[in-house]
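All heavy atoms count here, side chains included; hydrogens, waters and symmetry mates do not. Numbers for residues simply follow the sequence, beginning at 1. Owing to the predicted nature of the structure, the values given are computational and were not obtained by experimental measurement.
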Amino acid sequence: MGWGRALRVAVVLVGIGAGAAAGQAPQRPLAMVAELDGIIHPVSAEYLNGVVDQADTSGADVVVFVLRTPGGLLESTRAIVSRMITSRAPVVVFVGPSGARAASAGFIITLAADVAVMAPGTHIGAAHPVSGTGQQMDETMSSKVASDTAAYARSLAEARGRNVELAALAVTESRAFTDREALEAKPPLVDFVAQDLDDALRKLDGRTVRRFDGRTTTVRTANADVRRVEMTRRQQFLSAIAHPQVAYILLTLGILGLTVELWNPGAIAPGVAGGLSLLLAFFAFQIVPVNTAGLLLIFFGLALLVLELKMPSFGVLGVGGTISLVIGSIMMTREVPGVRVGLGVILPAALGLAAIVLVLGRLAFKAQRLRPETGVEAMLGEVGRARTPVTADAPGQVDVHGEIWRAVSRLPLPPGAPVRVVEVNGLTLVVEPVNGSLAEGAHAWKA
């Protein structure tokens with residue numbers, strides 16, 4: 001009897017537990033999404049790698065990079081790819097929305113993804129490497145770098161089962177591929193085409209993904225909880241100033257501010273603003289590769305503009321300085337993959353800077369040549385008239401600048417003699433006779 005009762009209680013408890021389990025909703029898959037629209041550089045790598053870190057700690061089922069980039073730095077690209085390979089969750093790269101591109105470094109990141117997806121009307125490729133320092137590479141060095149990068153692309157494509165030949169051509173011949181070309185290649189460069197992120201997650205659900213180490217996993221993204229991770233404010237600020245056009249404008253403003261401060265010492269505000277702009281520009285140039293020769297041409301152009309103010313060259317130095325500014329500006333960031341400072345920014349900035357330096361410089365030199373209007377310096381050279389006899393031993397009085405001054409003179413001066421101030425000793429003026437006035441004054445004194 002006791003055993004039967006115990007059995008009934010156990011059945012009831014099991015039923016209650018089963019009902020509670022049935023009533024509990026299943027946990028939704030988690031998709032961590034990061035969106036990058038810009039150049040691949042150390043700040044971009046920090047952002048994307050940080051998202052993968054968060055996905056690992058939060059147990060996300062999939063990581064999605066929504067990518068739009070003209071390219072960037074190979075070292076930063078390698079850092080991103082290395083973290084993608086070690087990610088606990090599969091990493092999906094979605095090139096979108098329509099009209100976007102993943103060129104150069106973006107192409108390498110797309111190849112490295114566990115799942116590569118493109119939106120209609122997008123393209124990838126054009127991954128030929130350039131010098132990371134902005135310097136022009138010789139043919140041998142260029143060939144070596146291209147060969148190394150092509151091997152890197154081939155290894156990623158082979159590990160992911162993608163088209164190895166096209167991956168190499170994108171590097172060695174700067175080939176680019178539309179979404180249709182990438183999908184229809186044999187084997188394809190991407191896994192599928194999706195209209196948007198939601199469509200990509202729907203098509204991704206249930207797909208078996210082969211990871212870089214050979215393991216396979218089935219991705220679950222149906223009704224996924226999409227958690228978007230934005231850049232931190234610090235990363236947004238650093239990424240903004242790392243753009244070549246912003247860096248160039250900061251450099252121009254910094255030079256202009258310091259120029260104004262040099263022409264007008266004590267203004268403070270232009271010097272502070274110029275120094276801050278230059279510091280930010282130099283920080284940006286540590287992130288974005290610049291051409292050192294271009295930077296030197298910019299400073300050489302400024303030196304020529306300053307010399308134009310001091311040496312009569314009939315405009316030759318000024319024109320040469322302006323041309324040097326423009327050429328240096330064009331060269332400075334020409335090696336940034338996919339991103340250049342356009343002439344629409346360079347010409348107004350360079351011509352405006354040259355004009356401001358010349359105008360401010362001429363005004364400053366003109367002001368230096370003007371006679372002082374106040375103070376002791378203003379009295380020197382002033383002409384007046386003696387009111388009383390003036391000698392070296394017996395000071396007299398003179399009318400100068402509409403005022404009566406105590407004065408002495410090395411030569412005796414009679415009353416009414418024109419005098420000129422040559423020195424100021426406290427409240428006593430040292431005067432001399434104006435040319436010819438001594439003889440005339442002596443004649444008048446005798447009369």
Side-chain angles (χ1 to χ4, degrees), residues 39 70 73 130-139 141-142 241-265 267 270-368:
I39 304 170
L73 307 183
V130 294
S131 169
T133 61
Q135 302 299 321
Q136 187 71 29
M137 293 187 292
D138 58 41
E139 185 176 351
M141 181 58 67
S142 178
I241 67 173
H243 194 283
Q245 291 188 359
V246 176
Y248 176 70
I249 292 174
L250 285 172
L251 175 66
T252 305
L253 292 177
I255 295 173
L256 180 59
L258 293 184
T259 301
V260 173
E261 182 68 27
L262 290 175
W263 292 147
N264 188 23
V272 172
L276 180 61
S277 297
L278 275 182
L279 289 176
L280 291 176
F282 289 144
F283 172 80
F285 291 150
Q286 289 180 345
I287 298 176
V288 180
V290 296
N291 188 295
T292 305
L295 195 58
L296 292 176
L297 276 173
I298 290 177
F299 287 109
F300 179 67
L302 287 173
L304 292 181
L305 292 175
V306 173
L307 288 176
E308 171 66 26
L309 301 172
K310 297 186 176 183
M311 299 174 59
S313 67
F314 303 101
V316 174
L317 291 175
V319 172
T322 303
I323 294 175
S324 180
L325 276 176
V326 173
I327 296 177
S329 300
I330 294 173
M331 292 177 57
M332 190 174 64
T333 55
R334 69 179 182 179
E335 298 295 342
V336 179
V339 180
R340 297 184 182 183
V341 181
L343 289 177
V345 175
I346 289 176
L347 288 179
L351 295 178
L353 179 61
I356 291 173
V357 170
L358 290 174
V359 170
L360 289 179
R362 291 194 182 281
L363 289 177
F365 283 114
K366 184 178 180 181
Q368 290 177 359

Legend entry - Any donor-acceptor N/O pair, S324 side chain to L297 backbone, under 3.5 Å: yes
Legend entry - Pairwise side-chain contact, L251 with I298, heavy-atom cut-off 4.5 Å (strictly under): yes
Inset, instruction - Applying side chain to side chain contact (heavy atoms under 4.5 Å, CB included), run through I241 and L250 and close with a yes or a no. - result: CA-CA 8 Å; I241 67 173; L250 285 172; 4.3 Å; yes
Legend entry - Shortest non-hydrogen separation from A281 to A247 and the atoms involved: CB-O, 3.8 Å
